[in-house]
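What follows is a short report on a single structure.
We use all heavy atoms of the structure for the numbers below, so side chains are in, but hydrogens, waters and symmetry mates are not.
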Amino acid sequence: MDKSPTNFVIRWARKRVIFYKRLIAKIKLLFSKKLNKNIALLTRPDIQDCYGHLIIDIMAGYHQVKTFCQKNNIKIDYYILPTKLNFQKELIELLQIDKNQIIPSESKIAIQAKNLIIPTLTSDYDIVDYRGFIKTAVSMSPLFIKDLYTNLASKAKPFRKVFLKRPEKSNRNIINSQEVEAIFEHFGYEIVLPDTLTLWEKIDFFSQIKCIASMHGSGLNNMIFMQKNTFAFEIFSEFYHDKIPQTIAFIKNINYSYMVGNTPDTSVHPQQENVYINPQKLTKALEIINSKIEKK
């Protein structure tokens with residue numbers, strides 16, 4: 001063990017932080033709201049405001065809780081869920097949970113429940129080093145997520161080819177976006193900003209897609225609504241290669257391809273990198289994907 005003065009201070013500070021967190025938790029319990037009810041916790045602070053995680057992780061958690069309660073004859077009285085963003089409210093409506101059964105996760109009240117039911121984490125995680133930045137990354141997800149929205153999505157033959165834009169003020173954008181979009185349009189792709197669609201509209205729209213293409217981001221998690229034997233083409237920045245969309249594609253039996261662009265500015269966190277896409281390489285990639293689609 002390193003016994004240098006610097007590490008001693010770090011260890012001491014960590015112990016103090018843990019001590020005060022426990023103390024604050026005990027104080028909150030003294031003033032907590034006691035509910036003699038069964039409560040399901042379906043969210044986590046690190047995922048609840050991210051659309052891509054919400055439609056997978058929270059929906060999968062609800063599926064687990066529902067299955068567990070049906071097998072054990074348990075009735076859930078309240079659900080702890082996020083409610084401040086539109087897509088969070090839309091998911092609650094989709095789940096047909098009574099508003100009176102919702103405890104907003106953003107509220108600061110402490111609660112003591114008769115039984116607190118917490119689903120297992122949807123995915124296994126690895127610790128990954130992205131250009132010197134440490135981050136968790138999904139390594140595995142359960143096969144049951146492929147059926148989360150099966151009963152809601154259209155079964156009609158998919159026909160659309162769609163390239164997803166990212167919001168202009170978001171991170172991880174394409175530097176030469178106009179040039180890239182023109183190439184996709186040349187190959188018959190619709191250019192769509194998914195943020196303009198409601199959750200119900202996304203379920204219907206993405207079930208009609210036979211090939212989806214996008215810069216890496218939550219938009220690609222909409223593959224969960226797509227049908228099997230369709231296609232997905234993911235664009236990565238140079239140093240950030242998260243595999244959540246690839247995992248979804250594998251589970252949903254979607255043919256997956258990707259390409260990696262160039263990141264000229266590495267002063268930001270890898271997760272925020274913008275990317276330059278070589279037009280000739282993109283054109284060649286789309287020609288290959290087109291040939292695969294035509295063979296189906």
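Taking a 6.0 Å sphere around NZ of Lys135, one finds it holds more than 12 heavy atoms contributed by other residues, nucleotides or ligands. Counted within 6.0 Å of CZ on Phe184, heavy atoms from surrounding residues, nucleotides or ligands total more than 12; the atom is thus considered enclosed. Within a 6.0 Å sphere centred on CZ of Phe144, heavy atoms belonging to other residues, nucleotides or ligands number more than 12. The environment of CD in Glu287 is crowded: more than 12 heavy-atom neighbours from other residues, nucleotides or ligands sit within 6.0 Å. By the neighbour-count criterion of 12 heavy atoms within 6.0 Å, atom NZ of Lys252 is densely surrounded, having more than that number from other residues, nucleotides or ligands.
Put simply, the side chain of Asp242 reaches to within 4.5 Å of the side chain of Tyr130, judged on heavy atoms. Here the side chains of Val180 and Pro279 are not in contact, with every heavy-atom distance at 4.5 Å or above. Two residues are said to be in side-chain contact when any heavy atoms from C-beta on lie closer than 4.5 Å; Tyr149 and Met59 meet this criterion. Within the 4.5 Å cutoff, the side chain of Phe87 has no heavy atoms near those of the Leu199 side chain. Contact annotation: the side chain of Phe205 never approaches that of Asn222 to less than 4.5 Å [non-hydrogen atoms, C-beta and beyond]. For the pair Val275/Ile175, no side-chain contact is recorded, criterion being any heavy-atom separation below 4.5 Å from C-beta on. Here the side chains of Leu164 and Met215 are not in contact, with every heavy-atom distance at 4.5 Å or above. Ile117 is listed as a side-chain neighbour of Cys69, based on a closest heavy-atom distance under 4.5 Å.
The closest side-chain donor-acceptor pair between Ser257 and Glu234, if any, does not fall under 3.5 angstrom. With no hydrogens or angles considered, a side-chain donor-acceptor pair links Asn115 and Asn38 at under 3.5 Å. No side-chain donor from either of Lys146 and Asn253 sits under 3.5 Å from a side-chain acceptor of the other. With no hydrogens or angles considered, a side-chain donor-acceptor pair links Glu273 and Thr263 at under 3.5 Å.
Classification of Asp49 and Lys84 as a salt-bridged pair holds, one side-chain N sitting under 4.0 Å from a carboxylate O. With respect to the salt-bridge test (charged N to carboxylate O, under 4.0 angstrom), the residues Glu190 and Lys161 do not qualify.
In plain terms, the two heavy atoms of Val268 and Arg131 that are nearest each other are O-NH2, 2.9 Å. Pro270 and Tyr240 get closest at one heavy-atom pair: O-CB, 3.2 Å. The minimum heavy-atom distance between Leu81 and Glu106, with the atom names listed, is O-OE1, 4.2 Å. Among all heavy-atom pairs drawn from Gln227 and Ile254, the shortest one is O-CG1, 3.8 Å. The two residues Gly52 and Asn221 come nearest to each other via the heavy atoms O-ND2, 2.9 Å. Across Ile39 and Ala113, no two heavy atoms sit closer than the pair CD1-CB, 3.6 Å.
Ring geometry for Tyr62 against Tyr79 counts as tilted: the plane angle lies between 30° and 60°, on a 0 to 90° scale. Between His269 and Phe133, the two ring planes are tilted [angle within 30° to 60°].
Between the side chain of Asn176 and the backbone N or O of Glu179, no donor-acceptor pair lies under 3.5 Å. A donor-acceptor contact shorter than 3.5 Å links the side chain of Lys155 to the backbone of Ala153. Side-chain N or O atoms of Glu90 include none that pairs as donor or acceptor with a backbone N or O of Trp200 at under 3.5 Å. Asp147 places no side-chain N or O within 3.5 Å of a backbone atom of Thr150 that could act as its donor or acceptor partner. A donor-acceptor pair under 3.5 Å is absent between the side-chain atoms of Arg160 and the main chain of Lys210, judged by distance alone. With hydrogens and angles disregarded, a donor-acceptor distance shorter than 3.5 Å links the side chain of Asn173 to the backbone of Pro167. Although no hydrogens or angles enter the test, the distance criterion places a donor-acceptor pair under 3.5 Å between the side chain of Arg166 and the main chain of Asn171. Proximity of a side-chain donor or acceptor of Asp57 to a complementary backbone N or O of Thr122 within less than 3.5 Å is not detected. A distance-only check finds no donor-acceptor pair linking the side chain of Asp126 to the backbone of Val128 [under 3.5 Å]. Counting only distance, with no hydrogens or angles, the side chain of Ser154 and the backbone of Ala156 share a donor-acceptor pair below 3.5 Å.
Note: Ile277 CD1 to Glu181 CD = 12.0 Å, rounded to the nearest 0.5 Å. Taking CG of Leu85 as the reference point, atom CG of Leu54 lies at 9.0 Å (rounded to 0.5 Å).
Taking the six-membered ring wherever Trp is involved, the centroid distance between the rings of Tyr189 and Phe163 does not fall below 6.0 Å.
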### Message
Using side chain to side chain donor-acceptor pair (under 3.5 Å), reason through Gln208 and Asp204 one step at a time and then give a plain yes or no.
### Response
CA-CA 7 Å; Gln208 301 173 17; Asp204 182 58; 3.2 Å; yes

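Under the ring-ring contact (aromatic ring centres under 6.0 Å, His included) criterion, Tyr78 pairs with no residue at all, not counting sequence neighbours.
A cation-pi contact links Lys202 to Tyr51, judged by a cut-off of 6.0 Å to the six-membered ring centre and 45° from its axis.
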